[in-house]
A.B. asks: 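Handing you this structure, nothing more for now.
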Protein chains: 2
Amino acid sequence: MTNKKKATIKDIANVLNISPAAVSKALHDDSRISTKTKEAVKKVAKDLNYQPNHLASALRKGKSHLVGVIVPRTNSNFFSSVIQNIEEVLNKEGYNIIITQSNESYKKECNNIDTLLFTQVDGIIASMANETIDLEYYKKVKSKGIPLILFDRGENDLNVDYIGINDYDSSHMIVEHLVKQGCKRIAHIGGYKHTRIFNNRIRGYVDALKKYDLPLDNELLIESSLTIKDGREKMLQLLSLKNRPDAVYVAGDYAALGALQILNEQHINMPKDMALVGFGNEPFTSMVTPTISSINQHSAEIGKLAAKTFLEHAKKATIKQSLNKIILDAELIVRDSSSIIKK
Amino acid sequence: MTNKKKATIKDIANVLNISPAAVSKALHDDSRISTKTKEAVKKVAKDLNYQPNHLASALRKGKSHLVGVIVPRTNSNFFSSVIQNIEEVLNKEGYNIIITQSNESYKKECNNIDTLLFTQVDGIIASMANETIDLEYYKKVKSKGIPLILFDRGENDLNVDYIGINDYDSSHMIVEHLVKQGCKRIAHIGGYKHTRIFNNRIRGYVDALKKYDLPLDNELLIESSLTIKDGREKMLQLLSLKNRPDAVYVAGDYAALGALQILNEQHINMPKDMALVGFGNEPFTSMVTPTISSINQHSAEIGKLAAKTFLEHAKKATIKQSLNKIILDAELIVRDSSSIIKK
DNA sequence: CCTATTTGCTTAAACGTTTAAGCATATTGC
DNA sequence: GCAATATGCTTAAACGTTTAAGCAAATAGG
């Protein structure tokens with residue numbers, strides 16, 4: 001039990017007086033090894049508390065069976081749920097994952113990529129930092145010939161697989177919902193335009209306004225970092241307008257929360273005087289008062305699909321990156337902050 | 001650039017007509033290699049886009065430079081902050097971390113330990129699942145001779161390093177605070193007694209009541225799983241008492257949130273009719289109405305200390321587990337839910 | 001009964017790195 | 001000028017596994 005030195009294949013071989021090669025094959029149920037030997041090997045392996053040395057086999061086979069995951073942060077429900085599902089799918093196939101956080105910083109992201117490559121991961125599943133514009137570093141991954149799968153952030157920016165939701169349609173759903181509630185002036189606190197998903201949400205918002213013949217007022221369309229703090233500031237900005245909106249669609253739940261705080265502090269009635277819709281369906285949206293309507297991004301499915309996409313690449317030796325772009329339909333969860341018309 | 005095969009030390013050696021050993025030493029700035037050779041080697045390495053094969057060096061050196069981290073879940077601010085700080089400290093020293101989640105399940109936790117050992121991690125930093133009572137699996141880690149550091153959950157249960165906060169004193173602080181606010185009947189929705197930290201909070205609560213000559217009523221001390229749902233149920237249970245409490249100290253913020261929801265739904269005024277204090281200082285405690293008083297657990301410091309403790313072990317080859325038990329003082333953040341007396 | 005095939009193993013090389021040991025050559029101290 | 005030391009490299013083995021190639025013995029096929 002308290003064997004300091006770890007048992008190796010060689011130790012097993014010595015006990016049974018057979019070659020290490022035979023032991024290796026026995027442990028892998030090779031058809032050319034007799035059942036008798038296999039049983040003996042497995043018994044001794046157990047007795048010696050043998051644990052295969054992953055490093056050695058990975059080195060020999062040229063596969064680490066590790067997959068790198070890069071997310072902006074793990075303490076958002078969306079990302080942690082995606083991660084959990086990636087892990088679940090990959091663990092079943094004998095892969096482990098290494099999770100790294102970029103904290104929305106491009107520099108940290110580059111660092112993460114380097115350490116992942118250094119650790120010889122077999123693939124990388126990533127969602128880009130807000131800051132990331134330069135894609136050189138991601139090209140480095142591609143040039144190494146290991147699969148790269150993006151989710152949520154990064155659609156189309158590189159020519160790789162992507163899993164995400166339909167941001168453009170989501171905006172349409174939200175605007176349509178607000179119009180049905182009787183809103184006439186709908187504002188949008190959006191993310192940075194250079195991030196494709198946020199740009200898509202903005203385009204969806206603009207096009208939906210046109211569709212419903214609503215005013216497209218430049219004052220009502222604001223770019224934001226989507227933090228709580230910035231949500232507060234941008235909400236104040238909207239309230240200071242001569243012609244206030246009667247609804248705000250915020251492209252992120254944290255910023256929506258900031259907006260809600262301001263509205264509560266100023267005793268502005270939600271949803272009557274101001275309807276509010278967020279994006280992401282973070283758990284707190286149903287915890288605060290009033291509860292915030294939001295878009296469910298199908299985090300579990302995104303995680304599972306990202307993992308499966310990686311596995312497809314891993315299985316076929318040919319590294320032909322056949323673009324696998326999966327766009328899921330999102331779902332609008334209507335809560336108190338935008339339920340003007342009760343059923 | 002688009003070199004399919006990765007460059008190795010051998011390739012560099014061939015270009016310069018020196019031995020692979022010399023290249024290896026040059027890259028590690030060995031004093032026995034001339035500056036001229038070092039420069040030449042580094043230039044060629046860059047030209048060939050050489051990346052050291054981590055697996056090979058790890059195998060040879062018997063160190064993977066990977067550290068496993070096990071947490072109940074990552075989508076809590078406490079754990080994700082701990083992780084971020086562990087990562088920061090360890091990255092600087094050339095270590096990478098592998099994060100795994102137990103989802104509070106003992107079985108998953110055992111699985112995590114196995115995969116981490118399989119991946120040849122140099123150490124494990126863990127916070128135990130709520131479910132975990134049997135410690136056999138953790139003993140397995142110790143018997144492998146790799147450092148094991150526990151934080152938050154697991155103090156004293158195994159004879160290993162531990163970093164955490166003073167739960168007993170925290171309870172004292174909370175009770176003292178509530179007493180100062182004029183509360184006379186203080187209830188406690190606690191965690192499972194078999195988890196040491198929750199037991200310490202319960203002991204602190206009980207002793208503090210005695211100290212302030214308050215009634216220690218069995219009805220007022222409830223064991224809970226500390227989920228939102230259970231927080232709701234246990235709050236209802238307290239409200240159904242003939243002799244209601246005028247304050248509730250909940251051992252976890254999520255359960256405190258559940259309690260708050262019930263109090264809001266029943267239009268019970270906080271803090272006047274019922275003061276509420278949570279534990280953990282999750283971000284949402286300052287987002288909900290009213291904001292919830294809570295205990296700040298110093299997640300950043302816990303993470304840093306856990307990482308540093310690991311590094312100490314890693315540096316000294318002798319694996320003498322000199323118990324390094326660090327208990328930090330927690331901090332009570334007073335918010336609206338318990339501020340009866342305004343300044 | 002003889003060839004062909006299958007069964008059950010062994011041998012040896014390989015994965016990419018590190019490192020102990022060794023060996024010239026150059027430098028230093030006296 | 002000679003021993004002692006320092007400098008700058010090479011050789012070869014090692015880490016623990018996998019796997020291609022090969023070989024003897026057993027079995028099958030005709």
Side-chain angles (χ1 to χ4, degrees), chain A residues 3-42 44-45 48-66 94 117-122 144 317, chain B residues 3-42 44-45 48-66 94 117-122 144 317:
Chain A
N3 246 2
K4 199 83 289 176
K5 272 276 130 271
K6 291 165 191 167
T8 73
I9 270 191
K10 228 173 169 177
D11 297 327
I12 302 178
N14 284 340
V15 171
L16 294 170
N17 251 318
I18 56 177
S19 71
V23 174
S24 172
K25 285 175 183 160
L27 290 172
H28 289 92
D29 276 325
D30 189 295
S31 63
R32 300 284 290 271
I33 299 292
S34 70
T35 324
K36 211 166 130 189
T37 308
K38 279 181 193 167
E39 279 168 2
V41 165
K42 282 171 187 170
V44 175
L48 295 183
N49 194 22
Y50 168 76
Q51 293 252 160
N53 184 321
H54 178 249
L55 295 173
S57 80
L59 173 62
R60 176 60 231 252
K61 298 207 284 196
K63 304 233 150 279
S64 67
H65 273 244
L66 289 173
L117 291 178
F118 175 68
T119 321
Q120 312 288 123
V121 294
D122 288 349
K144 288 267 167 191
Chain B
N3 246 0
K4 199 83 288 176
K5 270 279 130 272
K6 291 165 190 167
T8 72
I9 270 191
K10 226 173 172 176
D11 298 327
I12 302 178
N14 284 339
V15 171
L16 295 170
N17 251 318
I18 55 176
S19 72
V23 174
S24 172
K25 284 176 183 160
L27 290 172
H28 289 91
D29 276 326
D30 189 294
S31 64
R32 301 285 290 272
I33 300 291
S34 69
T35 324
K36 211 166 128 188
T37 308
K38 279 182 194 168
E39 278 167 3
V41 165
K42 283 172 186 168
V44 175
L48 296 183
N49 194 21
Y50 168 76
Q51 293 254 159
N53 185 321
H54 177 249
L55 295 173
S57 79
L59 173 62
R60 175 60 231 251
K61 298 206 285 195
K63 304 233 150 280
S64 66
H65 274 243
L66 289 173
L117 291 178
F118 175 67
T119 321
Q120 312 287 124
V121 293
D122 289 348
K144 289 267 166 192

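Treat the numbers as computed from the prediction; the structure is a model and nothing was measured. All chains are named by letter (A, B, ...) in the order of the sequence lines, taking the proteins before the strands, and each is independently numbered beginning at 1.
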A.B. asks: If only atom types and distance count, is the side chain of B:His54 paired as donor or acceptor with the main-chain N or O of A:Leu117 below 3.5 Å?
C.D. replies: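 Flag not set: sc B:His54 to bb A:Leu117 has no pair under 3.5 Å.
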A.B. asks: Under 4.0 Å between a side-chain N or O of A:Ser34 and OP1 or OP2 of C:dC9?
C.D. replies: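 It does, given that an N or O in the side chain of A:Ser34 lies less than 4.0 Å from OP1 or OP2 of C:dC9.
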A.B. asks: Sequence neighbours left out, what passes side-chain hydrogen bond (donor to acceptor under 3.5 Å, both in side chains) with B:Ser34? Give chain and number order.
C.D. replies: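 side-chain hydrogen bond (donor to acceptor under 3.5 Å, both in side chains) check on B:Ser34 returns B:Thr37.
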A.B. asks: For B:Ile18 and A:Leu59, take the nucleotide of DNA chain D holding the closest heavy atom to each; which residue's nucleotide lies nearer the 5' end?
C.D. replies: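 The 5'-side residue here is B:Ile18.
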A.B. asks: For A:Ile33 and C:dT6, give me the distance from atom CD1 to atom P, rounded to whole Å.
C.D. replies: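 Nearest whole value for this atom pair: 17 Å.
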A.B. asks: Only counting residues at least two apart or in another chain, list the ones meeting side chain to side chain contact (heavy atoms under 4.5 Å, CB included) with B:Asp29.
C.D. replies: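 For B:Asp29, the residues satisfying side chain to side chain contact (heavy atoms under 4.5 Å, CB included) (neighbours in sequence not counted) are B:Lys38, B:Lys42.
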A.B. asks: Within the 4.0 Å limit for protein heavy atoms, which parts of nucleotides 17-29 of chain C are touched? Write it as a string from 5' to 3', B for base, S for sugar-phosphate only, - for none.
C.D. replies: BBBBBB-------
A.B. asks: Starting from the first five and the last five pairs of the helix from C:dC1-D:dG30 to C:dC30-D:dG1, work out the angle between the resulting helix axes, to 10 degrees.
C.D. replies: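 Axis angle across the helix from C:dC1-D:dG30 to C:dC30-D:dG1, nearest 10°: 30°.
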A.B. asks: Which heavy-atom pair separates B:Ser19 from B:Ala13 by the least distance, and what is that distance?
C.D. replies: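 Taking B:Ser19 first and B:Ala13 second, the nearest heavy atoms are C-CB, 3.8 Å.
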A.B. asks: Answer yes or no: is there a donor N or O on one side and an acceptor on the other, between the side chain of B:Thr119 and the main chain of B:Val121, under 3.5 Å?
C.D. replies: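 Not at all, since once roles are kept as given, no pair shorter than 3.5 Å links the two residues.
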A.B. asks: Please write out each protein N/O paired with an N/O of nucleotides 27-29 of chain D under 3.5 Å, distance rounded to 0.1 Å.
C.D. replies:
none

A.B. asks: If only atom types and distance count, is the side chain of B:Asp11 paired as donor or acceptor with the main-chain N or O of B:Thr8 below 3.5 Å?
C.D. replies: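 Side chain of B:Asp11 to backbone of B:Thr8: a pair is present.
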A.B. asks: Taking side-chain hydrogen bond (donor to acceptor under 3.5 Å, both in side chains) as the definition, give me every residue that meets it alongside A:Asn53, ordered by chain and number, with sequence neighbours left out.
C.D. replies: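 Result, side-chain hydrogen bond (donor to acceptor under 3.5 Å, both in side chains) vs A:Asn53: none returned.
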A.B. asks: Quick one: does A:His65's side chain have a donor or acceptor within less than 3.5 Å of a partner on A:Gly94's backbone?
C.D. replies: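 Judged by distance alone, yes, a pair lies under 3.5 Å.
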A.B. asks: Quick one: A:Asp29 CG to C:dT7 C1', roughly how many Å, whole number?
C.D. replies: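 Computing the A:Asp29:CG to C:dT7:C1' distance gives 16 Å.
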